[in-house]
Amino acid sequence: MTPPVSRGSSLLRLFPAITLAVFLAPVAAGLVATALPAFGYLPALGGRTIDLDSWRKLLAIPGLAASVRLTLQTGVLATMLALAVVIGFCSVMHHTRLFRRTQVVLSPLLATPHVAVAIGLAFLIAPSGWASRLVSPWLTGWTRPPDVAVVHDAQGLSFVLGLLLKEIPYLMLMTLSALNQVRAAETLVTARALGYAPAAAWLKTILPQVYSQIRLPIYAVLAFSMSVVDVAVVLAPNQPPPLSVLLFRLFTDRDLSLVFPAAAGACLQLLVVAAAIGLWRAAEIAVSVASRRWLTGGGGKKTGWPLRGAWASIMAALVALSFLGTVSLGMWSFAKTWFFPEALPAAWTLSHWSRHAPDLVWPGVVTLGTGLAATLIGLALAVGCLQNERVNGLGSAARALWLLYTPLLVPQIAFLFGAQMLLVRMNVDGTWIALVWSHLLFVFPYVFLSLADPWRSFDLRYRTSALALTGSPLRAFLRVELPLMLKPALFALAIGFAVSVGQYLPTVFAGGGRFTTLTVEAVTLSSGNDPRVTGIYALVQAALPLAMYLFAIAAPAWRYRHRKGMG
Amino acid sequence: MTRTFIAAFFLFCTSVHAMDASDAWPGILEKARDQTVYFNAWAGDENTNGFIAWAAGRVKALYGVNLTHVKIALTSEAVSRVVAEKAAGRHAGGSIDLIWINGENFLSMKEQGLLFGPFTQRLPNYALVDNVGKPSTVIDFTVPVDGMESPWRMAQIVYAYDTARLKDPPRSIAAMLAWARQNPGRITHPRIRNFLGSTFLKQALYELAEDPKVLQTPATDASFARVTAPLWRWYDELKPLMWRKGEQFPETGPAMRQLLADGEIDIMISFNPNEATTAIGKGILPDTVRTFVLAKGTIGNTSFVAIPYNAAHKEGAMVVANFLLSPESQAHAMNPSTMGNFTVLDLNRLAPADRKRFEDLPKGVATLSAAELGRPLLEPHPSWMNGIVAEWEHRYTK
């Protein structure tokens, strides 16, 4: 059917253009500021020529190859395992009552900041950590912790585990949101009627539909795993470290001339991440070709799924690890002293909380205001762009939107250096507008990629019927399309909000020291490595996003409690 | 000889940067009133944060200056912002008025023309600074300060250890290796590019070098190889005897302190003589921790504040820098329950009432006296540290 031409649809055409206008300048500034010093040009630090010296210096850094290898290895492994656990869990658990509660259970894990989860995990599993304390010295005989590299292990396995604790809940949430757009129940009934076991039915009929909807989030997970700095510092090997950490050290070195090889390294990281995503895409195609016979071959009818308990246990173990890590941080925040091998703090106190409480209020307000503003703007732009795509098809501006993912792929510090120059040139640095804008740069890609696939797989027959019944594209959108997309939209909102809450460097750069958020307090105070302070801020940082996730879960259920199949 | 040189240098600075009428202190005070000074300072230490908050209250009451502590996790975050502002052409009205800075970042900023000054000679309290007995207040990492940064507290290398696990700590670099042979896996240092990591090796070089005086001159390729040869012989043997067999290192000094707290190591290096006392007070370290210095002395340096070349509120920043040098502020900073940092002032130049502020201070439980610390050794020329870092990475990075 040809979409009815209306003023609304031509207004919609503006959305990709507006979005590009909002982001193109800072993204371009960020990329240029990364690329130029990579080729020697940065007059502020005396670089006035274009040459390959930065690259020569980068390649001469001892351990560079090992860093790249580690980054690829841990990034790909973490993404594969996260995906495997999510698919395995969904395939065997999708028809249980527990499954419907999963998102409630997972939301605290999603809300807790990455680095807090990493610190919690490190404290659990370190040789001097909580697990070891619980069994020492009465069982192990250890009065001193053993000298074993459990955390920072050379293969980066504890780093992968730390990434999984955050990525599995995220992919799980994306999958649940995608399942909303798939007629899962009907399909499964059909498949079961044809004699397929539950797991095989899910893998063969639902997974192919779901996968195409969570593809972008998977790429985001891959890119994140390969570029994250703070989690890597806590858990990854540091001699040599992953590429992201190596670059962060170069960028923040006392020797300002290291900015040049660091910028070349930032370009290298972009290439490595892009290559990994390309390889992943190639593997997707290979798997889909190879599995065609299996998908349609009719196997899986007789046997049940033997690993049902295993997948559920893996998921339960990961949830438990994340939960216990956060609990241990919470305990630290009330601990007066807690030395090895005491199983619990020797003395408790409220003094850490009472000391920090006054410092939480104003940063809390700034965090909330900035997060809401950035996320709501991001959501409005994303919905506008996607709706335009639905109504008007992909225009050239819409095709260029992939550019907006680049802030996720380039090291943040390089990128922000350029964005900061733009803000200074425009004379808006240190203003709240600049702060929201800089958060938007990192919030929007997540909001967009969380929303894009579900939006694109929307059943257009709903729209056709709605247009016929309401007679207006706007009314059809507001009364039928938006309510049907409310769940993914609210999840995207919650994810975007959590991303905003977690931003440290953008706040420091664009805020110019005029705005303090909870994360700025948390990161700066945590550089002193006091686990009690870290504990306080981990809980406080988690509180606001958690409220948002719970809202995203509760609101659609409450709003549409009278409508069948929309809760 | 060194003293004469420094004194002469000091006089030289004074004469070159004589004040003119518009620079006079009352005029600066007047302009500073109601200015908001954005002080970018590492915020990982609650005691230091508390001290800055106290100073903010005092400069408001005394001079009507609003002092805002911009908390940062790394000094380089602030340096980066100044560079970005310079690159964008904002040569006035910058967002940073004052930075807490140490030698390494100072040298970079000075070389890149990112600092305002010289300004220290304009500060009335600067006359009280002990630039003879504490030469690191005018020579920062062998680089002349040239009045481009103002000192505010002294630092000196100490080693903290837990008396519950270690009775008699090794008081020389050689003894440290012998101790590690008996106690493998019980010592470490932060990663080499952290300033404390390179400091661990610098301190060892001081004792192992045949003639430590050469460390005050720039290293050449030939002298570096010759002078540091004993260092690498020592470190080659120590490294596999360190925590995690010398394969992994804590990221920062505070991360290393947590290892001491968790009982993973027995000895740690620190650049803050009062760190153990403060940490015991907060329950971060066991109350059995004490500090020691090496028999032949340890390296000392000074913490400074500097003003970016494009700072919007230079007068306010100077008023704050001057307040940080006041006997009131220095004595408050030296109190072990606030920060416990040694003063940069020459107590002999103070009025008796001001001197009494220092004499009445309590002593920290794990803090050595100035006499026990001994006269600090001067930092080697930065080329030695850069060489050590590069050579370390070359030798030990797989």
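Owing to the predicted nature of the structure, the values given are computational and were not obtained by experimental measurement. Numbered from 1 within each chain, the chains take letters A, B, ... in sequence-line order.
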Q. Using a cut-off of under 4.5 Å for heavy-atom pairs, which of B/Ile284, B/Asn49, B/Thr68 has the most such pairs with chain A?
A. B/Ile284
Q. In terms of heavy-atom pairs under 4.5 Å, which option from B/Val83, B/Leu259, B/Asp45, B/Thr36 contacts chain A the most?
A. B/Val83
Q | Spacing of A/Phe415 atom CZ and A/Leu505 atom CG [to the nearest 0.5 Å] | A | 12.5 Å
Q) Would you call B/Val37 and B/Leu67 a side-chain contact if the rule is heavy atoms closer than 4.5 Å? A) yes
Q: Could you have a look at A/Lys336, A/Gln420, A/His152, A/Arg249 and say which one has the most heavy-atom pairs with chain B under 4.5 angstrom?
A: A/Arg249
**Q.** Ring geometry between A/Trp332 and A/Trp338 (parallel below 30°, tilted from 30 to 60°, perpendicular above 60°)
**A.** tilted
Q) Tell me, side chain or backbone of A/Phe248 under 4.5 Å from chain B's heavy atoms, or both, or neither? A) side chain
Q.
Can you confirm whether more than 12 heavy atoms, excluding those of B/His394, are under 6.0 Å from its NE2 atom?
A. no
Q.
Is B/Leu285 close to chain A through its backbone or its side chain, or both, or neither, when contacts mean heavy atoms under 4.5 Å?
A. backbone
Q) Quick one: what part of A/Pro146 sits under 4.5 Å from any heavy atom of chain B, side chain, backbone, both or neither? A) backbone
Q: Would you mind checking which part of B/Val82 comes under 4.5 Å of any heavy atom in chain A, side chain (CB onward), backbone (N, CA, C, O), both or neither?
A: neither
(Q) Under a 4.5 Å cutoff for heavy-atom pairs, which residue among B/Pro286, B/Pro250, B/Ala261 has the most contacts with chain A? (A) B/Pro286
Q: Name the region of B/Glu247, side chain, backbone, both or neither, that has any atom closer than 4.5 Å to a heavy atom of chain A.
A: backbone
Q. What do you reckon, is CZ of B/Arg395 surrounded by more than 12 foreign heavy atoms closer than 6.0 Å?
A. yes
Q. Is it true that atom CG of A/Leu344 has more than 12 heavy atoms of other residues, nucleotides or ligands lying nearer than 6.0 Å?
A. yes
Q) Of the backbone (N, CA, C, O) and the side chain (C-beta and beyond), which part of B/Thr252 lies under 4.5 Å from a heavy atom of chain A, both, or neither? A) side chain
Q | Atom group of A/Ala66 that falls short of 4.5 Å from chain B, counting heavy atoms | A | side chain
Q: Specify which of B/Arg90, B/Gln112, B/Lys86, B/Glu393 makes the most heavy-atom pairs with chain A at under 4.5 Å.
A: B/Arg90
(Q) I'd like to know if B/Arg193 and A/Asp255 make a salt bridge, using a cut-off of under 4.0 Å between side-chain N and carboxylate O. (A) no
Q) Relative to chain A, which segment of B/Met256 carries a heavy atom at a distance below 4.5 Å: side chain, backbone, both, or neither? A) neither
Q: Heavy-atom pairs under 4.5 Å with chain B are the metric here; pick the option from A/Arg144, A/Arg355, A/Glu521 that has the most.
A: A/Arg144
Q: Name the member of B/Ala88, B/Ser76, B/Gly93, B/Ser108 that forms the most heavy-atom pairs with chain A at distances under 4.5 Å.
A: B/Ala88
(Q) For the interface with chain B, which of A/His352, A/Arg133, A/Gln239 has the highest count of heavy-atom pairs at distances below 4.5 Å? (A) A/Gln239
Q) Is the closest side-chain donor-acceptor distance between A/Ser333 and A/Trp353 under 3.5 Å? A) yes
Q. Looking at A/Val148, A/Ile61, A/Thr349, A/Thr516, which one has more heavy-atom pairs under 4.5 Å with chain B than the rest?
A. A/Val148
Q: Begin from the C-alpha positions of B/Tyr235 and B/Tyr396 and carry the test ring-ring contact (aromatic ring centres under 6.0 Å, His included) through to its verdict.
A: CA-CA 11 Å; B/Tyr235 192 75; B/Tyr396 303 113; 5.5 Å; yes
Q: Give a yes or no on whether A/Trp362 atom CH2 has more than 12 heavy-atom contacts from other residues, nucleotides or ligands under 6.0 Å away.
A: no
Q: Can you see which heavy atom on B/Met242 is nearest to which on A/Asp147, and at what distance?
A: O-OD2, 4.2 Å
Q.
Let's test your reading of the structure: which of A/Asp253, A/Thr143, A/Leu42 forms the most heavy-atom pairs below 4.5 Å with chain B?
A. A/Asp253
**Q.** 4.5 Å side-chain heavy-atom contact, B/Thr188 and B/Arg244
**A.** no
Q. Quick one: what part of A/Val520 sits under 4.5 Å from any heavy atom of chain B, side chain, backbone, both or neither?
A. side chain
Q) Given A/Thr252 and B/Glu77, is the side chain to side chain donor-acceptor pair (under 3.5 Å) satisfied, shown in steps? A) CA-CA 7 Å; A/Thr252 56; B/Glu77 290 161 11; over 6 Å; no
**Q.** Segment of B/Asn102 engaging chain A (4.5 angstrom heavy-atom cut-off)
**A.** neither
Q: Examine whether an atom of A/Pro237 lies under 4.5 Å from a heavy atom of chain B, and if so say whether it belongs to the side chain, the backbone or both; otherwise answer neither.
A: both
Q: Would you please classify the geometry between the B/His189 ring and the B/Phe249 ring as parallel, tilted or perpendicular, with 30° and 60° separating the classes?
A: parallel
Q: Answer yes when B/Arg191 and B/Glu251 have at least one side-chain N-carboxylate O distance shorter than 4.0 Å, and no when they do not.
A: yes
Q. What option among A/Val523, A/Leu416, A/Asp429, A/Thr337 has the most heavy-atom pairs under 4.5 Å with chain B?
A. A/Asp429
Q. Is it the side chain or the backbone of B/Arg257 that comes within 4.5 Å of chain A heavy atoms, both, or neither?
A. side chain
Q) What residue in B/Arg186, B/Glu111, B/Met109, B/Glu85 has the most heavy-atom pairs under 4.5 Å with chain A? A) B/Arg186
Q) What part of A/Leu258 lies closer than 4.5 angstrom to a heavy atom of chain B: side chain, backbone, both or neither? A) side chain
Q | Atom group of B/Asn40 that falls short of 4.5 Å from chain A, counting heavy atoms | A | neither
